[in-house]
Amino acid sequence: MSNAQQAAKAAQVRTAITPTREDNFPEWYQSVVKAADMAENSPVRGAMVIKPYGYGLWEQIQRALDDKIKDEGVQNAYFPLLIPLSFISREAEHVDGFAKECAVVTHHRLEKGPEGGLVPSPDAQLEEPLVIRPTSETIIGDSMAKWVQSYRDLPLLLNQWCNVMRWEMRTRLFLRTSEFLWQEGHNAFETAEQAEADARKMLDVYRSLYTDFFAMSPFTGEKTADERFPGAVHTYTIESMMQDGKSLQAATSHNLGQNFAKSCGIKFQGRDGNEHFAHTTSWGLSTRSIGGLIMTHGDDDGLKMPPRIAPIQVMILPITKNDDGAAAVIEYAQKIAAELKAIGIRVSIDLSEQRAPDKMWSAIKKGIPLRVEVGGREVEEGKLTHTRRDLGRDSKTSCTVAEFVGSVKSILDDIHDAMFKASHDFSRSRIVECQTAAQMQEYFETTKELGFAKVPVSLLADDALNTYRKENALTTRCMPFEDEGRMVFIGKAY
RNA sequence: CGGGGCGUAGCGCAGCCUGGUAGCGCAACUGCUUUGGGAGCAGUGGGCCGGGGGUUCAAAUCCUCUCGCCCCGACCA
């Protein structure tokens, strides 16, 4: 085949998403979110509407993570959205970190304005402004101070699922929105060692969530001082490499030492009879994780849902014609759905009036892990046809319903394993170890496949390297645990 | 908040330079034929051309202000 013919053939391959990842990764991302019907922009700048399919994914994430959190002995609770301004001011570094992105509530009543419409009533100004929580360390610390009297009250392990608000300059669906959903855990301990161990343990909970449910293979490590959470002693992070080679901070866990205990007054009478400040941790994972999932697993035909958190694991597509067979096909599909549901599979039937190919592409764009097609012939034979999203049409297989019901779980596991392996192999293939600043610079200037440079931590003292980093938006992502703090990843980030 | 780009039908775009009553593709709706990897024919509906103010007999088009979106930075999960 000539080059011209090859080009012509390539042009004929129609991808469901335009542009492709290679053509324009950021726009590809936006298109996938839209095509999969996950979320859209709202009338409120920087805030998003999460549509049912996107929220369904968040519910699966919540379920998986909530189970893991509770397995660690943490209890769920709920603290207020509004935080007194004075609380936020309590921890000095915390103030510096969050002050510039806080939304503030100053009034409690509206009235008719001079030009019609409603305005905040000047007579209804709050004595103390209230801050919409950017995070809840201070208000939870306030409660903890009341609840902790004795070392016997420790550890105190709390989590809340909620929304928070940070007034961001630049927002992107899921990856950064001014309001987002997350869980924030807040634990208090008697000793520094316990808090340190807890911060590390909760990070490992996130790591396992990503590997076991998201089919992602992120890096774990400690943040350098400049990337640390405001007010933390140590910040640990899940860094995941996206398909464009950029890093996404996918969850964090902080050892807050006694900083917040001191500013919030979390103190207790110890075994020695003396008064001590508690040692606290906080740890969070947000709807941003959904953006990471999309940029890790998506392809040019849309999303690929990891089976264990896919809101719909199996989509049944009845292939009906305009004849009397349609009712039988739908009934057959419903019977299969019931059998799958009985063994714990999240299954849905596409009963829309779309034509078969359109239903198929809709399922592909949404990343449904397994598609099942049933038509008239198969009703007769007691069979079905199934296709894996990750492998595409080549994986199309015909079998009996009984065979499928018996093997569907292992097929979903196979999909998970394949997706995990792809994510793992990709991210590891894009780590380049550099021993000098010159090597690192050479790497970033010549690579066509962006990734992380792994350099000795000692190089962070190199002024030239830091200038280069700053000029090129290269940040320290983490000091991976696997190198025991001797090395640091440097790369671009979301 | 800086630099760049863009706002015209649900989505994607043309028209703007050189003012003259709004167009294309897809989607939607109706009918018939179709239906296992993106169907065909025929017909129909849908737009304060992002918003305000100007210039003009006349503005999607020119001027001005504003709002929003996207990208690259700064800031951050």
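Below, read A as the first sequence line, B as the second, and so on, with proteins coming before strands; counting in each chain starts at 1.
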In whole angstrom, what separates [X]'s [atom1] from [N]'s [atom2]?
{"X": "A:Asp226", "N": "B:A74", "atom1": "CG", "atom2": "P", "result": "13 Å"}
{"X": "A:Arg170", "N": "B:G5", "atom1": "CZ", "atom2": "P", "result": "17 Å"}
{"X": "A:Glu353", "N": "B:U30", "atom1": "CD", "atom2": "C1'", "result": "13 Å"}
{"X": "A:Glu227", "N": "B:A74", "atom1": "CD", "atom2": "P", "result": "11 Å"}
{"X": "A:Lys100", "N": "B:C75", "atom1": "NZ", "atom2": "P", "result": "9 Å"}
{"X": "A:Gln354", "N": "B:C29", "atom1": "CD", "atom2": "C1'", "result": "15 Å"}
{"X": "A:Phe25", "N": "B:C72", "atom1": "CZ", "atom2": "P", "result": "11 Å"}
{"X": "A:Leu474", "N": "B:G73", "atom1": "CG", "atom2": "P", "result": "10 Å"}

Does OP1 or OP2 of [N] have a side-chain N or O of [X] closer than 4.0 Å?
{"X": "A:Arg172", "N": "B:C71", "result": "yes"}
{"X": "A:Lys34", "N": "B:G12", "result": "yes"}
{"X": "A:Gln30", "N": "B:C71", "result": "yes"}
{"X": "A:Lys492", "N": "B:G73", "result": "yes"}

Using a heavy-atom cut-off of under 4.0 Å over every strand shown, decide if [X] touches base, sugar-phosphate, or nothing.
{"X": "A:Ser240", "value": "nothing"}
{"X": "A:Leu248", "value": "nothing"}
{"X": "A:Asn24", "value": "nothing"}
{"X": "A:Ala16", "value": "base"}
{"X": "A:Gly284", "value": "nothing"}
{"X": "A:Thr252", "value": "nothing"}
{"X": "A:Leu317", "value": "nothing"}

Taking the same atom, [atom1], in [N] and in [M], what whole-Å distance lies between them?
{"N": "B:C29", "M": "B:G46", "atom1": "C1'", "value": "10 Å"}
{"N": "B:A60", "M": "B:C49", "atom1": "C1'", "value": "4 Å"}
{"N": "B:G38", "M": "B:G43", "atom1": "C1'", "value": "23 Å"}
{"N": "B:U66", "M": "B:A74", "atom1": "P", "value": "27 Å"}
{"N": "B:G12", "M": "B:U8", "atom1": "P", "value": "8 Å"}
{"N": "B:G68", "M": "B:G51", "atom1": "C1'", "value": "10 Å"}
{"N": "B:C6", "M": "B:C11", "atom1": "C1'", "value": "16 Å"}
{"N": "B:C1", "M": "B:C57", "atom1": "C1'", "value": "45 Å"}

Between B:U35, B:C75, B:G37, which nucleotide has the shortest distance from any of its atoms to the side chain of A:Glu101? B:C75

With RNA chain B as reference, determine whether A:Glu179 or A:Pro26 sits nearer its 5' end, using the nearest nucleotide of each. A:Pro26

Between A:Gln249 and A:Val372, which has a closest nucleotide on RNA chain B that is more 5'? A:Val372

For A:Trp161 and A:Trp58, run ring pair (Phe, Tyr, Trp, His ring centres under 6.0 Å): C-alpha distance rounded to whole Å, both residues' side-chain angles, the deciding distance at 0.1 Å, then the answer. CA-CA 11 Å; A:Trp161 289 95; A:Trp58 180 238; 5.8 Å; yes

Above 12 or not: heavy atoms from other molecules or residues under 6.0 Å from CH2 of A:Trp167? no

Give a yes or no on this: more than 12 heavy atoms of other residues, nucleotides or ligands lie within 6.0 Å of atom CD of A:Glu22. no

Regarding B:G36, can its base be found pairing with the side chain of A:Arg393 as donor and acceptor, where the two atoms are less than 3.5 Å apart? no

Are any side-chain N or O atoms of A:Ser362 and backbone N or O atoms of A:Asp358, one a donor and one an acceptor, separated by less than 3.5 Å? no

Salt-bridge present (A:Arg477, A:Glu227; N to O < 4.0 Å): yes

